[in-house]
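Naming convention: chains lettered A, B, ... in sequence-line order (proteins, then strands); numbering from 1 in each chain. All values below were derived from every heavy atom in this structure, side-chain atoms included, with hydrogens, water molecules and symmetry-related copies excluded.
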2 protein chains.
Amino acid sequence: MLGKKESCCSNRGNRLPKIKEMEIPDSIRQELEQLGGFDALADRIPQREDLEEKSRIYHALSDPLRLTILHLLKDQPLCVCVIKKFVRIADSKLSYHLAILKERGLITGEYQGNWVIYSLTADGRSFVR
Amino acid sequence: MLGKKESCCSNRGNRLPKIKEMEIPDSIRQELEQLGGFDALADRIPQREDLEEKSRIYHALSDPLRLTILHLLKDQPLCVCVIKKFVRIADSKLSYHLAILKERGLITGEYQGNWVIYSLTADGRSFVR
DNA sequence: ACGATATTTCAACAAAATTTGAAATGAGAT
DNA sequence: ATCTCATTTCAAATTTTGTTGAAATATCGT
């Protein structure tokens, strides 16, 4: 969803204006100052890497077809051949979506005889409860 | 992420092949039959509307910048003017991302004087615990 | 009503994700 | 080795998302 080098989020090390010097609504200023001001607020933002990792997982989940696949795998592993009967799409398209789920660590797949069998990972499982 | 009319997921009403008639790996067949076969499997797939709704929420979360905004709002509402100091991007860009979070019901915003103040919704909050 | 500041909207553009169909690969059977 | 079936890979075309800068809107103070 986002390349490697773009600055998107983290903030640490950015010089923030002093809260005193900024014109902001009173209610906001007061609450913020009680909670430690801008510096404390900056500390509440997770590391950029963590945000990027999370956003990639959410991206994998951001498609109904991929959610369907996760639900199909909820109670047992399945070969592509069975998944295919439920999501009626081109093989290559199914493969593409399986690859995304796999790359994000939500499912794993391995050959078993002629077939490839996919299962949920623990991470994947956490989203189909 | 996905248009209205595409068939993407649900499956109900699709004629499925009989599990007996299909060639699938033995281990899979056995487990599946124990769990009620193809019909039961089909029933485990949520309604298409639910999947689409969920996928749109996940899509909103699939960007590090938007996740940053949610974290900024975790402990108190903020005006755009403060958010802007933390995510250093063009105003219109920030507005675009705020609009996505808002449209997906993760934040709400309202004018208070000259400023617009955003807060997490209950839904939004559930993702920044 | 007018001017100033904060924020949003819009349309054009750029970038990223998805779809498609053909070709390639993996694995067992012959 | 060759055939066949299941699945993946690839590159090109298409669609969706995100970015940009200019213009519009909201609200307040005068």
Side-chain angles (χ1 to χ4, degrees), chain A residues 1-9 17 22-26 28-29 52 55-56 58-67 69 77-85 87-104 107-118, chain B residues 1-9 17 22-26 28 52 55-56 58-69 77-85 87-104 107-118:
Chain A
M1 208 78 202
L2 199 71
K4 288 295 160 58
K5 35 193 70 154
E6 301 161 66
S7 88
C8 68
C9 15
M22 227 191 120
E23 226 196 314
I24 59 183
D26 276 344
I28 301 294
R29 155 169 289 117
E52 280 171 356
S55 70
R56 277 184 288 111
Y58 284 130
H59 173 254
L61 297 165
S62 72
D63 180 307
L65 178 54
R66 293 194 291 260
L67 290 178
I69 294 171
L78 291 176
C79 55
V80 178
C81 60
V82 168
I83 298 175
K84 198 153 79 170
K85 300 297 173 185
V87 301
R88 287 128 162 296
I89 56 178
D91 291 354
S92 61
K93 189 170 168 181
L94 178 50
S95 241
Y96 169 79
H97 289 287
L98 287 168
I100 286 178
L101 291 168
K102 184 171 164 191
E103 202 239 332
R104 266 58 158 197
I107 64 176
T108 51
E110 48 182 34
Y111 268 96
Q112 186 173 307
N114 227 317
W115 296 279
V116 177
I117 312 260
Y118 282 97
Chain B
M1 209 76 202
L2 198 70
K4 287 296 159 57
K5 35 193 70 155
E6 301 163 66
S7 88
C8 68
C9 13
M22 227 191 118
E23 227 196 313
I24 58 183
D26 275 346
I28 301 293
E52 279 172 358
S55 70
R56 277 184 290 111
Y58 284 130
H59 173 252
L61 297 166
S62 72
D63 180 307
L65 178 53
R66 294 195 288 262
L67 289 178
T68 300
I69 294 171
L78 291 176
C79 57
V80 178
C81 59
V82 168
I83 298 174
K84 198 155 78 171
K85 301 296 173 185
V87 300
R88 289 129 163 295
I89 55 178
D91 290 354
S92 60
K93 189 170 167 180
L94 178 49
S95 241
Y96 168 79
H97 289 286
L98 288 168
I100 286 179
L101 291 168
K102 185 172 163 191
E103 201 239 332
R104 265 58 158 200
I107 65 177
T108 52
E110 48 183 33
Y111 270 95
Q112 184 171 309
N114 227 316
W115 297 279
V116 178
I117 312 261
Y118 282 98

Output the single nucleotide from [options] whose closest atom is nearest the side chain of [X].
{"X": "A:S92", "options": "C:dA6, D:dT9, C:dT9", "answer": "D:dT9"}
{"X": "B:D91", "options": "D:dT17, D:dC10, C:dT8", "answer": "C:dT8"}
{"X": "A:D63", "options": "D:dT8, C:dT18, D:dG18", "answer": "C:dT18"}

Open item on the list: For a quick check, with a 4.0 angstrom heavy-atom cut-off, what is the B/S/- contact string for nucleotides 25-30 of chain D, read 5' to 3'?
Closed with: -BBS--

Using whole Å, report how far [atom1] of [X] lies from [atom2] of [N].
{"X": "A:R56", "N": "C:dA17", "atom1": "CZ", "atom2": "P", "answer": "11 Å"}
{"X": "A:Y96", "N": "C:dA17", "atom1": "OH", "atom2": "P", "answer": "7 Å"}
{"X": "B:E23", "N": "C:dA27", "atom1": "CD", "atom2": "P", "answer": "18 Å"}

Compare side-chain N and O positions of [X] against OP1 and OP2 of [N] and report whether any pair is under 4.0 Å apart.
{"X": "A:Y118", "N": "D:dT8", "result": "yes"}
{"X": "A:H97", "N": "C:dT19", "result": "yes"}
{"X": "A:K93", "N": "C:dT18", "result": "no"}
{"X": "A:H59", "N": "C:dT18", "result": "yes"}

Open item on the list: Is there a side-chain contact (heavy atoms from CB on, under 4.5 Å) between B:L61 and A:L61? Walk through the geometry before answering.
Closed with: CA-CA 10 Å; B:L61 297 166; A:L61 297 165; over 6 Å; no

